[in-house]
Undergrad: 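What follows is a single structure, and I will ask about it in a moment.
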Amino acid sequence: MKVRTALLAALFLSGCQNLSHQDDRALAAIEPSKSPQVNKKAHKRHPAPSLFGDDQLDAAEESDDLWVRISNDMQLDVPDNDRVRRQRAAILRSDSHMATIASRAEPYLYLMVEEIERRGLPMELVTIPMIESMFDPTARSRSNAVGLWQFVPQTGRNFGLRHDRWYDGRKDVLASTRAALDYLEYLNRFFDGDWLNTMAAYNAGEGRVRNAIVRNQKRGRPTDYWSLDLPRETLQYVPKILAMADVISNMDQYGVSMPALANEPKLRAVEIEGQLDIATAANLAGVRASQLKELNPALVRGVTSPSGPHRLLVPVEYADALELALADLPRNNRVTGRDYRVNRGDTLSLIASRHGVSVNELKMANNLSGHALRTGQSLRIPGSGVSSGQAFTDAEPAVAKRSRPATNVAKYTVKSGDTLWSISRKHGISQQSLLKWNGLSAKATIKPGSRLIVSGKSATASSSSVSYQVRRGDSLSSIAAKFQVAVVDVVRWNQLDRRNHLQPGQTLTLFVGDPG
């Protein structure tokens, strides 16, 4: 790298903070030596779309298992040294460690793999959220680093992640992944293609790594990552990444049993073209508001920001229903609720009772984890979402009266390959509810043959079919509300897709329960 290039790069990111550390000193403009890592295998790259595109990469791989795809795309050598061995032993010491990561990563991992492949980067980078946050998009460190990729506010802003009262881009899975990979690509150029120094700089800051290189150059010592004098955390950080990549690539060898993850997308980004709150989106899509909130933690107030981004991550099986329903939804029904300023003596239960909402709905709409309030604080009072007057919550979905059998408890026997995520999606509940109903912790593992309490599956055995002729002014959401069914069911029963628009005179088939 030329001296002038290094100086320009230093000036460009002079305001950056490391993801978990304070600003580094001005960077020394001295050429670092190259320390390339040898590719372990030849890799077949496919042209792929952006994370935000509608088209998906043709995922015809050697296996239908996403873990195999990830393993096949690893590029870096893992040295057999004491630092890597210690970190690998730490990973393997806990039986639940990898299972917890797999469960949390399941909805997001495919999207990340697609983007890393699209950019032609080493697949080892997908382990960074495993090390940084254990794939928890709401994780926060002592140094105020937030999200899957653990961005501090300034570094986040430098790479396009906005943070305001509506939206925190560091918790946005799509935006933070794009920003993290942008940052890693910048660091890799800065360190002349050396991926180990790149990953060290992601942890400690490029200034610290560059200064360690300069010191070794002056002393006539090697300047590869393993020879650098770096902070203790950084000395462990790169070995953790390499050890995690090694474990994933050699699960059988290390006796690691991971639930198989299908090599297909679990989520789709739905463009909503304006503001939309979670309760409304949940009713339109036929999912619970808590599920949608869990997948879109960047929405601080439970509603998309006026200034965007105007998109939601939605389970793929519900995405078409949401797009169809949004096409018919009047603009003034997109955002419900109102703002309330907390007065002295107010409590969550008092405010909730006064405005006819539940405490849980109030907490979710305002991203509150506890019950503490302060005088003058602004709260969003959630509205009803759609004209049915009932939002999907963990307690009772709007379709329950018509589509569920009378029994309140149903149990499911865990099968081989099941995960908490896949079971919650199969039964239309949030993973959090599944854990709560079964007394499980977030780190719990499930074994084939175990019996779990789940919500009952939708049933139409006690329902009757009716034909409904669409009238002028009807929308999917208004028809669904009229018959107390879910929009997603109307779409499924009538084989509608995102290109269909309701027309006056069109006949729809609906399954409704006995009115009595």
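Since this is a predicted model, take the numbers as computed values, not measurements.
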Undergrad: Is there a donor-acceptor contact under 3.5 Å linking the side chains of Asn144 and Arg140?
TA: yes
Undergrad: For residues Met199 and Leu187, determine if any side-chain heavy atom of one lies less than 4.5 Å from a side-chain heavy atom of the other.
TA: no
Undergrad: Given side chain to side chain contact (heavy atoms under 4.5 Å, CB included), test Met123 with Gln75 step by step and report yes or no.
TA: CA-CA 7 Å; Met123 193 51 66; Gln75 295 186 31; over 6 Å; no
Undergrad: Is any side-chain heavy atom of Arg374 less than 4.5 Å from a side-chain heavy atom of Val342?
TA: no
Undergrad: Hey, are the side chains of Trp226 and Leu196 touching, using non-hydrogen atoms and a 4.5 Å cut-off?
TA: yes
Undergrad: Is there a side chain to side chain contact (heavy atoms under 4.5 Å, CB included) between Gln87 and Gln236? Walk through the geometry before answering.
TA: CA-CA 8 Å; Gln87 297 304 325; Gln236 297 174 347; 3.8 Å; yes
Undergrad: Would you call the rings of Tyr186 and Tyr183 parallel, tilted or perpendicular, where under 30° means parallel and over 60° means perpendicular?
TA: parallel
Undergrad: Under 4.5 Å between any side-chain heavy atoms of Leu452 and Ile423, yes or no?
TA: yes
Undergrad: Cut-off 3.5 Å, side chains only: do Glu106 and Thr419 have a donor facing an acceptor?
TA: yes
Undergrad: Could you please spell out the steps behind the salt bridge (Lys or Arg N to Asp or Glu O under 4.0 Å) verdict for Arg311 and Asp172?
TA: CA-CA 11 Å; Arg311 67 168 185 274; Asp172 185 322; 2.8 Å; yes
Undergrad: Could you walk me through whether Asp80 and Arg85 pass the salt bridge (Lys or Arg N to Asp or Glu O under 4.0 Å) check?
TA: CA-CA 7 Å; Asp80 184 24; Arg85 285 194 294 270; 2.9 Å; yes
Undergrad: Atom CD of residue position Glu273 - does it have more than 12 heavy atoms of other residues, nucleotides or ligands inside 6.0 Å?
TA: no
Undergrad: Side chains of Asn203 and Thr234 only: does a donor on one sit below 3.5 Å from an acceptor on the other?
TA: yes
Undergrad: Starting from the C-alpha separation in whole Å, work towards a yes-or-no answer on side chain to side chain contact (heavy atoms under 4.5 Å, CB included) for Ser378 and Arg165.
TA: CA-CA 10 Å; Ser378 178; Arg165 64 190 290 265; 4.0 Å; yes
Undergrad: Please name the residue in the list Arg268, Arg119, Arg69 that meets the salt bridge (charged side-chain N to carboxylate O under 4.0 Å, His left out) test with Glu114.
TA: Arg69
Undergrad: Using a strict threshold of under 4.0 Å (side-chain N to carboxylate O), is an ion pair present between Asp229 and Arg221?
TA: no
Undergrad: Heavy-atom distance under 4.5 Å between the side chains of Pro309 and Tyr167, does that happen here?
TA: yes
Undergrad: Asn197 and Ile213: side chain to side chain contact (heavy atoms under 4.5 Å, CB included), yes or no, with the steps?
TA: CA-CA 10 Å; Asn197 285 341; Ile213 291 172; 3.9 Å; yes
Undergrad: Dump the intermediate steps for salt bridge (Lys or Arg N to Asp or Glu O under 4.0 Å) on Arg341 and Asp339, then the final yes or no.
TA: CA-CA 7 Å; Arg341 192 167 295 279; Asp339 287 330; over 6 Å; no
Undergrad: Using a 3.5 Å cut-off and no angle test, enumerate the donor-acceptor pairs between side-chain atoms of residues 252-262 and protein atoms at least two apart in sequence or in another chain.
TA:
residue: Tyr254; atom: OH; partner: Arg88; partner atom: NH1; Å: 3.4
residue: Tyr254; atom: OH; partner: Asp246; partner atom: OD2; Å: 2.6

Undergrad: Side-chain contact, heavy-atom cut-off 4.5 Å: Met74 with Ile248?
TA: yes
Undergrad: Check whether the side chains of Tyr237 and Glu132 place a donor and an acceptor atom closer than 3.5 Å, and report yes or no.
TA: yes
Undergrad: Do Val68 and Asn263 have side chains that get closer than 4.5 Å, going by heavy atoms?
TA: no
Undergrad: Can you find a heavy atom in the side chain of Met130 that is under 4.5 Å from one in the side chain of Phe135?
TA: yes
Undergrad: Strictly by modelled atom types, are Trp149 and Ser133 linked by a side-chain donor-acceptor pair under 3.5 Å?
TA: no
Undergrad: Indicate the ring-plane relationship of Tyr202 and Phe151, choosing parallel, tilted or perpendicular according to the 30° and 60° boundaries.
TA: perpendicular
